[in-house]
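I'd like to ask some things about the structure below.
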Number of protein chains: 2
Amino acid sequence: MVVNALSALAQSVRLQAFRALVVAGAAGLTPGAIVESLGVPANTLSFHLKELNFAGLVTQQRIGRNIVYRVDFNQMNALLSYLTENCCAGAACVVVSQRTDCVC
Amino acid sequence: MVVNALSALAQSVRLQAFRALVVAGAAGLTPGAIVESLGVPANTLSFHLKELNFAGLVTQQRIGRNIVYRVDFNQMNALLSYLTENCCAGAACVVVSQRTDCVC
DNA sequence: TCTATATTTCTAGTAATATAGAAACATGGA
DNA sequence: TCCATGTTTCTATATTACTAGAAATATAGA
């Protein structure tokens, strides 16, 4: 649901973490790396990553002792598209092109 | 601030009102019209429109007894751009073009 | 000036969310 | 098997946000 995705992003720690993941792209980031750059306790970050995951904005993949988080760009595109959908009743507007792998 | 804009949109009544305003485009909508389509009490909608206004996402203009609300598309574009800024560290990505009057 | 209409502000009760300490869990390596 | 590392879950407290009734404000028209 769109409200859930927006709620997930509407919080400072989560927005910063998400933006870091957007920049990281397909490589993703571990909680440890994000903790280091944001300076929040590991359990606090874990709570917020869980929220992002629950909202469908990021994915998890365990690799050894680490868990790699990545942005789900399809979900992100869907969110951005939703906000502009049917803008100005479709008049005088150019439809936003669909992108599948990345928002850029 | 981006978190404030996202918080403003991260609530069902506000998201619905905002989307209606996006569709309405430059014409905008009155609270009365939005109340009618969403079916919420006028004071509740007023509270939420104030939040959207405070977040800089919409503008107000009094016309006679009515107040016309309109999306501030520049703010909306800035918000969408922020989320994709520096995506994938800029590699293999096409920069999103800047639009000034409308998000479409 | 009086009344109707449109919208906002005040208020209080209820619910949801953020934070971080402590403990638990999972994995890899000695 | 035992320990170190990385991450999550449990828990409690504090803060913030949603809702809607009632009252107040602003404008237009008779």
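Chain identifiers are assigned alphabetically (A, B, ...) following the order of the sequence lines, protein sequences preceding nucleic acid strands; residue numbering begins at 1 within each chain.
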Worksheet item: Please give, in whole Å, the distance from dA23(D) C1' to N43(B) CG?
Response: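 Result: 11 Å.
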Worksheet item: S7(A) near the nucleic acid: base, sugar-phosphate alone, or nothing, with a heavy-atom cut-off under 4.0 Å?
Response: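 No contact.
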Discussion item. Within a 6.0 Å radius of atom CD on Q60(A), are there more than 12 heavy atoms belonging to other residues, nucleotides or ligands?
Written reply: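 Atom CD in Q60(A) is crowded, with more than 12 foreign heavy atoms closer than 6.0 Å.
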Discussion item. Measuring to OP1 and OP2 of dA16(C), would you say a side-chain N or O of Q11(B) lies under 4.0 angstrom away?
Written reply: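 For dA16(C), OP1/OP2 do not have a side-chain N/O of Q11(B) under 4.0 Å.
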Worksheet item: Which pair of non-hydrogen atoms, one from L57(A) and one from A5(A), has the smallest distance, and what is that distance?
Response: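 Closest approach of L57(A) to A5(A), heavy atoms only: CD1-O, 3.6 Å.
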Discussion item. Can you tell me if T44(B) touches the phosphate of dA20(D), counting only side-chain N or O atoms and a distance under 4.0 Å to OP1 or OP2?
Written reply: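 Yes, within the criterion.
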Fill in: Pair partner, dA22(D) [Watson-Crick or wobble, under 3.5 Å]
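Partner of dA22(D): dT9(C).
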Worksheet item: Considering every strand shown, what is the Watson-Crick or G-U wobble mate of dA30(D) when both distances are under 3.5 Å?
Response: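 dT1(C) is the nucleotide pairing with dA30(D).
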Worksheet item: Quick one: is dT19(C) close enough that its OP1 or OP2 comes under 4.0 Å of any side-chain N or O from H48(A)?
Response: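 The answer is yes; a side-chain N or O of H48(A) sits under 4.0 Å from OP1 or OP2.
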Worksheet item: To the nearest Å, how far apart are L15(B) CG and dC18(D) P?
Response: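 It is 13 Å, rounded to the nearest whole Å.
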Worksheet item: OP1 or OP2 of dT7(D) less than 4.0 angstrom from a side-chain nitrogen or oxygen of Q60(A), does that happen here?
Response: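 False: Q60(A) side-chain N/O out of range (4.0 Å or more) of dT7(D) OP1/OP2.
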Worksheet entry | Phosphate contact (dA6(C) OP1 or OP2) by Y69(B) side-chain N/O below 4.0 Å |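 So the side-chain polar atoms of Y69(B) never come under 4.0 Å of the phosphate oxygens OP1 or OP2 of dA6(C).
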Worksheet item: Roughly, in whole Å, what's the span from CZ in R14(B) to C1' in dA17(D)?
Response: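 Checked: the CZ to C1' distance equals 8 Å.
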Discussion item. Nearest heavy atom decides the nucleotide; on that basis, is R65(A) or V13(A) closer to the 5' end of DNA chain C?
Written reply: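 Closer to the 5' end of DNA chain C: V13(A).
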Worksheet item: Sub-3.5 Å donor-acceptor pair from the side chain of R19(A) to the main-chain atoms of E85(B), do we have one?
Response: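 Present.
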Worksheet entry | Spacing between Q61(A) atom CD and dG6(D) atom P, to the nearest angstrom |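 That distance rounds to 18 Å.
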Fill in: Below 4.0 Å: OP1/OP2 of dT8(C) and any side-chain N or O of K50(B)
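Indeed not, no polar side-chain atom of K50(B) lies that close.
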Fill in: Atom-pair distance (CZ on F54(A); P on dT8(D)), nearest Å
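Taking CZ of F54(A) and P of dT8(D), I get 16 Å after rounding.
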Item to complete: Return the minimal non-hydrogen interatomic distance between T84(A) and M76(B), and the atom names on each side.
Response: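 Shortest heavy-atom contact: CG2-CE, 3.8 Å.
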Worksheet item: What is the distance from CZ of F47(A) to P of dT11(D), rounded to the nearest Å?
Response: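 Result: 15 Å.
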Worksheet item: What is the distance, rounded to the nearest whole Å, between atom CD of E51(A) and atom P of dT8(D)?
Response: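 In whole Å, dT8(D) P and E51(A) CD are 13 Å from each other.
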Fill in: Touch class at under 4.0 angstrom, heavy-atom based, for N66(A) against every strand present
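Result for N66(A) = sugar-phosphate.
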Worksheet entry | Reported OH-to-CE distance for the pair Y82(B) and M1(B), which is rounded to 0.5 angstrom |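 Answer for the OH-CE pair, Y82(B) versus M1(B), is 9.5 Å.
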Fill in: Interatomic distance, L45(A) CG vs dT8(D) C1' [rounded to whole Å]
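Distance, rounded to whole Å: 11 Å.
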